[in-house]
Amino acid sequence: MMLKRCIGARAETALISLFNLRNTMNQKQLKLGAFLPGNGHHVAAWRHPNAQANGGINFQHYQNIAQTAERGKFDMVFLADNVAVWGWGKGTEDLTRSGQIIHFEPLTLLSALSVVTEHIGLAATASTTYNEPYHLARKFASLDHLSGGRAGWNLVTSATEAEAKNFSRDKHMEHMLRYERAKEFVDVVTSLWDSWEDDAFVRDKESGVYFDSDKLHVPNHKGEHFSVLGPLNIARPPQGYPVIIQAGSSLDGKNLAAQTAEAIFTAQQTLTEAQAFYIDVKQRVAKYGRNPNDVKIMPGVFPVIGSTEQEALEKYEELQELIHPSVGLALLSGLVGGIDLSKYPLDEPLPDLPETNFHKSRLQLITDLAQREKLTIRQLYLRIAGARGHRTIIGTPEQIADKLEEWFINDGADGYNIMPPYLPDGLNEFVDLVIPELQRRGLFRTEYEGTTLRENLGLPRPTNKFTKVKKAELVGALI
Ligand SMILES: Cc1cc2nc3c(=O)[nH]c(=O)nc-3n(C[C@H](O)[C@H](O)[C@H](O)COP(=O)(O)O)c2cc1C
């Protein structure tokens with residue numbers, strides 16, 4: 001007000017633009033993923049009157065939401081995956097009311113989305129336990145070529161017995177072994193991506209030479225879990241490597257992430273927990289000789305947006321009322337490692353639970369939450385029905401921006417994976433109301449900085465590991 005009185009409204013607007021421009025130039029900015037399951041994240045999302053109930057297998061819907069995320073200048077769309085029906089365990093009895101059980105295979109969907117989007121990154125989960133490195137390397141390389149350098153791979157080790165049973169195994173591989181296999185898996189995949197140097201394909205019609213054999217490197221990997229000759233039957237990806245994302249938060253998960261990941265998805269409830277995770281992972285990254293700035297930590301956030309706080313709370317309650325107890329209980333049972341909670345009284349506290357071969361960090365997060373807030377089983381499943389242990393923020397666009405800013409400026413996050421409660425409305429509201437607020441504060445881009453996902457995330461392009469060795473040998477010979 002004071003400023004307006006002194007210099008006039010137009011001058012004030014110009015000054016604010018200048019201030020924002022300066023902020024944008026000097027200030028580090030948030031990285032944002034749009035985490036998009038078909039009908040949204042809330043366990044009862046599909047029942048909401050405005051939700052796209054068949055979203056998981058509706059391409060027009062995915063085209064619309066991916067284009068909305070691109071309009072909002074999100075760094076990437078992210079699709080999670082499981083190689084079994086989500087929640088499959090005892091059979092159909094708990095699943096008849098679940099809206100998230102069927103969906104497109106993510107790489108197929110992202111390939112289609114690459115044609116109807118121009119700038120946004122396209123990231124998906126693929127399991128290192130139920131894939132072979134050669135398969136995966138060529139699929140992500142193909143997506144990177146199709147999209148002009150916008151692919152990202154969320155490397156997970158998978159969690160459920162149901163997945164094992166779809167891949168000729170009786171039991172899911174043991175947690176530590178999964179992570180050992182995952183590390184070797186990434187090494188093989190990156191070697192395959194490096195099979196060809198960037199300029200290996202000369203395609204000289206005159207001489208008839210298609211590629212320069214000096215620029216071909218056959219990985220010939222022989223290790224504990226894999227034996228892969230190579231080379232890959234596709235050229236090096238435009239980004240060198242598609243962006244590698246990791247989402248494990250156990251000790252093994254953090255160590256793998258620190259060695260391999262460029263973005264880390266995680267679930268954190270409080271700023272203190274987020275800061276502890278952030279510093280721990282960044283220190284591990286440095287310990288492995290990598291630059292901590294080259295790894296972006298992105299906790300999940302489930303935003304419920306209203307024009308007033310009251311309206312946001314009412315929206316949240318509207319969704320909560322759609323939860324059938326069997327769905328809530330099945331979700332909670334799944335998240336604590338497939339332990340059947342239906343035999344325990346709903347209005348009593350969560351019993352002591354044994355450690356399972358499932359995700360370790362999520363079990364810890366959920367038991368900590370139950371103890372901290374003294375929740376009964378019923379209260380706990382209601383509490384995690386939306387965000388599954390990720391951070392829930394309910395409020396006005398300004399309140400949501402405040403909370404996103406708080407973790408960002410206090411070293412709890414480099415950005416966020418935004419998890420709309422239901423789709424498409426939850427994403428539309430975030431793009432139309434929260435993004436402009438973040439931009440106004442200079443916390444988020446108004447234009448994409450680059451053409452690849454890697455450039456937009458501010459990540460370096462990896463050098464071909466075989467060229468690095470070749471150069472070192474050459475220097476050795478000269479000395
Ligand atoms: C944002 C986010 C997305 C995830 N997506 C998947 C997924 O698509 N498929 C999957 O099997 N696990 C997924 N996970 C689970 C992780 O890969 C990992 O198994 C879990 O965080 C626990 O790992 P931990 O055993 O190292 O604690 C995801 C985790 C997060 C935080």
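Whatever order the structure lists ligands and atoms in, that order sets their numbers, starting from 1. Residues: numbered from 1 along the sequence shown.
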Item to complete: Nearest heavy atom to atom 9 (N) of ligand 1 wins, so pick from Asp252, Leu256, Asp81.
Response: Asp81

Worksheet item: Hey, does His390 sit under 4.0 Å from ligand 1 if you only count heavy atoms?
Response: yes

Discussion item. Per the side-chain hydrogen bond (donor to acceptor under 3.5 Å, both in side chains) rule, what does the pair list look like for residues 287-306, sequence neighbours excluded?
Written reply: none

Worksheet, complete the sentence: Taking only non-hydrogen atoms of Thr266 and a 4.0 Å limit, the atoms of ligand 1 in range are 31 (C)

Worksheet item: Taking the six-membered ring for Trp, are the ring centroids of Phe78 and Phe265 within less than 6.0 Å of each other?
Response: yes

Worksheet item: For ligand 1, which atoms, with element, lie under 4.0 Å from some heavy atom of Asn154?
Response: 5 (N)

Discussion item. Using a 4.0 Å heavy-atom cut-off, which part of Thr125 comes near ligand 1: side chain, backbone, both, or neither?
Written reply: side chain

Worksheet item: In chain order, what residues pass the side chain to side chain donor-acceptor pair (under 3.5 Å) check against Arg47, with sequence neighbours excluded?
Response: none

Item to complete: Measure from the ring center of Phe302 to the ring center of His41 and say whether it is less than 6.0 Å.
Response: no

Worksheet item: Is the closest N or O pair between His175 and ligand 1 shorter than 3.5 Å?
Response: yes

Worksheet item: Between Tyr179 and ligand 1, is there a nitrogen or oxygen pair with a distance under 3.5 Å?
Response: yes

Worksheet item: Are a donor atom and an acceptor atom from the side chains of Glu406 and Asn410 found within less than 3.5 Å of each other?
Response: no

Worksheet item: Does an N or O anywhere in Ser158 fall below 3.5 Å from an N or O of ligand 1?
Response: no

Item to complete: For ligand 1, find out whether one of its N or O atoms is nearer than 3.5 Å to an N or O atom of Ala159.
Response: no

Practice prompt. Answer yes or no: does an N/O atom from Glu163 fall short of 3.5 Å to an N/O atom of ligand 1?
Written response: no

Worksheet entry | Proximal ligand 1 atoms for Ser249, defined as those under 4.0 Å from one of its heavy atoms | 23 (O), 24 (P), 26 (O), 27 (O)

Practice prompt. Using a strict cut-off of less than 4.0 Å between a Lys/Arg side-chain nitrogen and an Asp/Glu carboxylate oxygen, indicate whether Asp414 and Lys28 qualify as a salt bridge.
Written response: yes

Discussion item. With a sphere of 6.0 Å drawn around NZ of Lys403, does it hold more than 12 non-hydrogen atoms of other residues, nucleotides or ligands?
Written reply: no

Fill in: Any donor-acceptor N or O pair under 3.5 Å, side chains Thr117, Arg150
yes

Practice prompt. Using a strict 4.0 Å cut-off to heavy atoms of Gly248, name the atoms of ligand 1 that fall inside it.
Written response: 18 (C), 21 (O), 23 (O), 26 (O)

Discussion item. Applying a heavy-atom cut-off of 4.0 Å, say which part of Gln246 lies close to ligand 1: side chain, backbone, both or neither.
Written reply: neither

Discussion item. For His135, is the NE2 atom crowded, meaning more than 12 foreign heavy atoms sit under 6.0 Å from it?
Written reply: no

Discussion item. Under a 3.5 Å cutoff, is there a donor and acceptor pairing between the side chains of Gln60 and Asn64?
Written reply: yes

Fill in: Polar atom proximity, Asn417 to ligand 1 (N or O, under 3.5 Å)
no

Fill in: Element-labelled atoms of ligand 1 that are located less than 4.0 Å from some non-hydrogen atom of Phe35
1 (C)

